[in-house]
Each structure stands twice: as C-alpha cells, then as structure tokens.
Amino acid sequence: NANGGDPITAGAAKLYFNGAANTATFTGNVIAPAATINGQINVTGTTNSNNIFAQQVTTQFDTSSFMRFHPTSTTDSGGFTNIFFGTSTLNNFGIALGGRRAGGDGVPTFQVRTHNDNVTGTEVLSINNAGIATFSGRVNADNYQVDAGGVYTTAAGNDLNLVYPANRSL
C-alpha cells in the first residue's frame, strides 16, 4: 500500500513495515513499558507536543531524571553533553545547554553556548562545581543586591561606583 508494506493491526494502531527500505511506520498510539532505540528519533509536524510524565523526586536526580543524556565515552578537559535549541532551520544557529567535563575526573561545569553559524559556539555562561558563575560579556541588571560583604574587583583602569543606603556609609 501507500505506506510501503502490509499493515499489522492491533485495535486502532497499525504498523507498516517496509523490509526493502528497512523502515516501519506507526499510525495511532503505541504504548510500551520500555523501549530501546538504536539510532535517531525524528519527530515532525506542526502540532507535535512531546511530553514526558513522571513523578518528581527529592534525591537520585541523576538516575531518576525525567530525561537523561548519558555519554557512552568521555573526553577529558572539554567533553560536552548537551541539548540544543535551534533558532533557524539551518544548522549551527541556536543555544546549547550542557554539562562540560572540565578535567579528567568527571567534575561537571554547566555551560550555555550560543551558536551563530558556528559549530562550536561561544561560551556565554559557565557555572563550575563550586557554584562560581562566569559570564562572557557584560551583565546588565536593573537592580543588584548583595546580602553579604565581599570583594569587588574591576579591570585595571575601570571605575567601581558603590551606592549605599542613606543610613550606611563607607
């Protein structure tokens, strides 16, 4: 038939298998308690919404996550496991969020990279395992508050202006 094979029907769902093309086409709903897919999943359409439903957890965030991207091998000092949000129909335009292997021991660094027609992208935000955030470029904030004292450092030749509340002084 038009789908490339004879249907296997189970209720409202149908499976069409085309051995020559090594493809299978499903119509209707397919429910499986578990599935292993060795390859890619490509979802197309204008009304697709792919939902993942699971209970929230309070521990085991790694092994009990809603979705887990787990490398089969690692690259020391730069390996990156990520998801990508495209901003164009062309490749290499969008935002990559991911975990970077900072050294050789698996200690993670969270990174945000922007891709403007570039395969590697530009690192715009990095948060290391100690919680230290590094932004590339300028950080704009309408209001910035520090709840504890600290050291503020500026590049050589730049001014640092501090404004204290009326009841405080330097």
Side-chain angles (χ1 to χ4, degrees), residues 13 15-18 21-148 150-155 158:
L15 164 66
Y16 298 92
F17 180 73
N18 182 338
N22 200 26
T23 62
T25 302
F26 292 93
T27 63
N29 294 325
V30 177
I31 299 171
T36 300
I37 299 170
N38 187 9
Q40 292 181 328
I41 299 174
N42 295 309
V43 180
T44 60
T46 58
T47 59
N48 285 337
S49 175
N50 299 295
N51 301 307
I52 298 173
F53 298 98
Q55 293 179 348
Q56 287 187 321
V57 297
T58 58
T59 187
Q60 294 293 324
F61 303 123
D62 177 32
T63 56
S64 298
S65 60
F66 279 54
M67 181 177 286
R68 182 177 180 181
F69 301 97
H70 197 82
T72 57
S73 64
T74 58
T75 301
D76 288 346
S77 301
F80 194 57
T81 303
N82 69 289
I83 58 175
F84 192 82
F85 300 92
T87 58
S88 172
T89 57
L90 301 173
N91 289 332
N92 305 322
F93 290 91
I95 307 293
L97 305 175
R100 180 178 181 268
R101 186 177 171 94
D105 56 3
V107 175
T109 296
F110 175 77
Q111 281 190 345
V112 177
R113 303 183 77 81
T114 59
H115 295 258
N116 185 12
D117 200 14
N118 183 296
V119 296
T120 306
T122 300
E123 178 185 319
V124 295
L125 169 64
S126 179
I127 304 173
N128 72 12
N129 195 54
I132 298 171
T134 303
F135 297 85
S136 66
R138 195 168 89 188
V139 176
N140 295 324
D142 291 337
N143 189 6
Y144 178 75
Q145 178 177 333
V146 177
D147 292 330
V151 176
Y152 298 91
T153 305
T154 64
N158 290 329

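Excluded from the calculations below are hydrogen atoms, water molecules and symmetry mates; all remaining heavy atoms, backbone and side chain alike, are included.
- Not counting sequence neighbours, the partners of S136 by the side chain to side chain contact (heavy atoms under 4.5 Å, CB included) test are V124.
- When the ring-ring contact (aromatic ring centres under 6.0 Å, His included) test is applied to F84, the partners found at least two apart in sequence or on another chain are H115.
- Not counting sequence neighbours, the partners of Q60 by the side-chain hydrogen bond (donor to acceptor under 3.5 Å, both in side chains) test are T63.
- Within the structure, side-chain hydrogen bond (donor to acceptor under 3.5 Å, both in side chains) contacts touching residues 78-102 (residues at least two apart or in different chains) are D76-R101.
- For the atom pair I83 CD1 and I95 CD1, the distance stands at 11.5 Å (nearest 0.5 Å).
- Screening residues 56-77 for ring pair (Phe, Tyr, Trp, His ring centres under 6.0 Å), with sequence neighbours left out, gives no hits.
- Every pair passing salt bridge (Lys or Arg N to Asp or Glu O under 4.0 Å) that includes a residue from residues 105-131 is listed here, sequence neighbours excluded: R113-E123.
- Legend: residues meeting side chain to side chain contact (heavy atoms under 4.5 Å, CB included) with N129, ordered by chain and number and at least two apart, are V107, P108.
- Within the structure, ring pair (Phe, Tyr, Trp, His ring centres under 6.0 Å) pairs that include any residue of residues 90-113 do not occur (at least two apart or interchain).
- Residue pairs meeting the salt bridge (Lys or Arg N to Asp or Glu O under 4.0 Å) criterion with at least one member in residues 56-73, sequence neighbours excluded, are D62-R68.
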